[in-house]
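Read through the structure below, which is laid out as structure tokens, and then see the notes.
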There are 2 protein chains.
Amino acid sequence: MATPVDRRDVILERAADLFAKQGVAATTVREIAEAVGILSGSLYHHFASKDDIVDAIVSSFMDDLVTRYDAVMAADADPHGRLVGLVRASIATSADHPHATEIYQNDARYLQADDGPTIVRQSARSVRNAWIQVLEDGAASGAFRNDVPVKVVYPLLRDGLWLTARWFTPTRTYGYDQLAEDYVKVFVDGIAR
Amino acid sequence: MATPVDRRDVILERAADLFAKQGVAATTVREIAEAVGILSGSLYHHFASKDDIVDAIVSSFMDDLVTRYDAVMAADADPHGRLVGLVRASIATSADHPHATEIYQNDARYLQADDGPTIVRQSARSVRNAWIQVLEDGAASGAFRNDVPVKVVYPLLRDGLWLTARWFTPTRTYGYDQLAEDYVKVFVDGIAR
DNA sequence: TACCCTTCCAAGCGCTTGCTAGGGAGGCTA
DNA sequence: TAGCCTCCCTAGCAAGCGCTTGGAAGGGTA
């Protein structure tokens with residue numbers, strides 16, 4: 001190779017692409033190897049197992065997400081400001097890890113299983129706590145409506161937010177920033193005029 | 001058996017349960033057979049293939065959905081009334097086919113593939129058209145805001161709506177009707193107070 | 001009783017899966 | 001030059017996959 005790229009990173013990138021497109025279970029190690037340009041056995045010089053590859057992809061994504069969420073929660077105490085911050089942080093992370101975002105959505109059950117990676121489970125709980133706290137604070141302070149249970153509002157916000165990874169591709173005129181802005185508009189003020 | 005239940009229906013029910021929990025690719029025909037209480041080979045007396053089982057589950061779901069959507073679009077011409085109707089129809093269908101709903105969300109890409117079942121692709125287009133029409137009519141008539149593109153609003157509504165199948169289980173005090181009502185509240189009026 | 005039809009089992013086929021063992025090529029260090 | 005380390009290939013194993021074949025059991029019909 002002309003540029004001394006790290007093979008490990010190339011494997012992670014190609015694997016994430018395939019996992020996102022086909023699902024983890026439907027992607028074979030031979031496919032990953034072929035996408036990299038090596039044979040399947042050679043993957044095992046870099047990773048201990050197929051699961052190990054999945055873990056590396058998702059863990060990196062979750063680490064970034066938690067870091068961004070922590071910054072938002074530390075910088076702002078106002079529920080509305082925090083909500084906007086969390087949305088922007090989520091979409092920014094999704095922009096940085098588009099494949100991982102999709103993998104996490106599609107295979108969440110597999111990843112959150114008891115034998116799944118511990119880091120993922122911990123991060124998932126931390127992420128959930130941030131949202132619940134913001135929504136409950138907002139409902140208590142009067143910033144948000146309190147006639148709909150937080151346990152219902154949160155999943156609606158969450159799923160609409162994260163599944164953007166499935167369908168959204170930024171264009172020159174409509175990027176991630178615009179998406180975040182419009183997302184906030186819809187969920188905070190509704191679609192009624 | 002005491003009651004002469006149709007074996008085919010039992011197979012569909014158990015298979016749907018497993019597909020929803022584990023994903024289609026991760027569920028084996030041997031698992032399905034074991035859940036029914038027969039051997040894997042015996043499944044092939046009732047179905048031609050594993051894909052055939054998946055198709056039967058999802059097609060039944062999609063048929064019901066399209067029927068309900070057609071009724072809504074025929075009964076109401078007002079965008080807001082149609083929106084409420086589509087939400088209620090979706091959640092009612094989801095209540096009748098909880099497993100199929102989840103399968104469709106998790107394996108949508110697989111099902112919408114070019115070699116997937118034709119009925120599913122047709123139904124998916126029909127469903128999409130209904131939503132787009134309602135949202136565009138509403139934006140044009142002034143019932144809905146028009147500063148956020150319909151191509152963004154629709155996926156947000158859709159994903160938040162359909163992924164309820166992943167997390168929602170009705171209780172005695174909070175059922176599908178209540179969920180539909182709250183869903184409309186959030187998306188139409190927003191969470192701000 | 002004789003026949004048929006439905007439903008299932010027993011056995012296994014051909015193939016793919018994730019993964020492993022052993023070795024070779026090339027570069028770096030001493 | 002000698003030795004080592006990194007990275008990859010060749011070859012293949014054991015297990016599991018979807019699916020097929022041939023036949024047996026049992027009930028319904030005549």
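Numbered from 1 within each chain, the chains take letters A, B, ... in sequence-line order.
Between B:L43 atom CG and C:dA10 atom C1' there is a gap of 15 Å when expressed in whole angstrom units. Between the CZ atom of A:F47 and the C1' atom of C:dT20 there is a distance of 18 Å, given to the nearest Å. If you take CD of A:Q22 and P of C:dT16, they are 16 Å apart, rounded to a whole angstrom. In this entry the distance linking CD of A:E31 with P of C:dT16 reads 12 Å, nearest Å. Atom CD of A:E34 and atom P of C:dG18 are 14 Å apart (whole Å). Residue B:D6 contributes atom CG, which lies 10 Å from atom P of C:dC8 at whole-angstrom precision. Atom-to-atom, CG of B:L39 to P of D:dG23 comes out at 19 Å; the value is rounded to the nearest Å.
Taking every heavy atom of both residues into account, B:R82 and B:D76 meet most closely at NE-O, 2.6 Å.
Here the side chain of A:T28 is nearest to one of D:dC9, C:dG18, D:dC8, namely C:dG18. Listed candidates were C:dC19, C:dT17, D:dC9. Nearest to the side chain of A:Y44 is C:dC19.
Side-chain atoms of B:S90 come within 3.5 Å of backbone N or O of B:L86 as a donor-acceptor pair.
The closest side-chain heavy-atom distance from B:V153 to B:F187 is not below 4.5 Å. Residues A:L157 and A:Y183 meet the side-chain proximity criterion, which asks for heavy atoms closer than 4.5 Å.
A donor N or O paired with an acceptor N or O is found under 3.5 Å between the base of C:dG18 and the side-chain atoms of A:R30.
The side chain of A:H45 places no N or O atom within less than 4.0 Å of a non-bridging phosphate oxygen (OP1 or OP2) of C:dT20. Taking 4.0 angstrom as the limit, A:H46 places a side-chain polar atom (N or O) nearer than this to OP1 or OP2 of D:dC8.
Among the atoms of the strands shown, base atoms are found under 4.0 Å from some heavy atom of B:S40. Across all strands, A:I38 comes closer than 4.0 Å only to sugar-phosphate atoms, never to a base (heavy-atom distances). Looking at heavy-atom distances under 4.0 Å, A:S42 makes contact with a base.
Each of B:G41 and A:K50 was assigned the nucleotide of DNA chain C with the nearest heavy atom; the assignment lying further toward the 5' end belongs to B:G41.
Under the 30°/60° scheme for interplanar angles, the aromatic rings of A:W131 and A:Y154 are found to be tilted.
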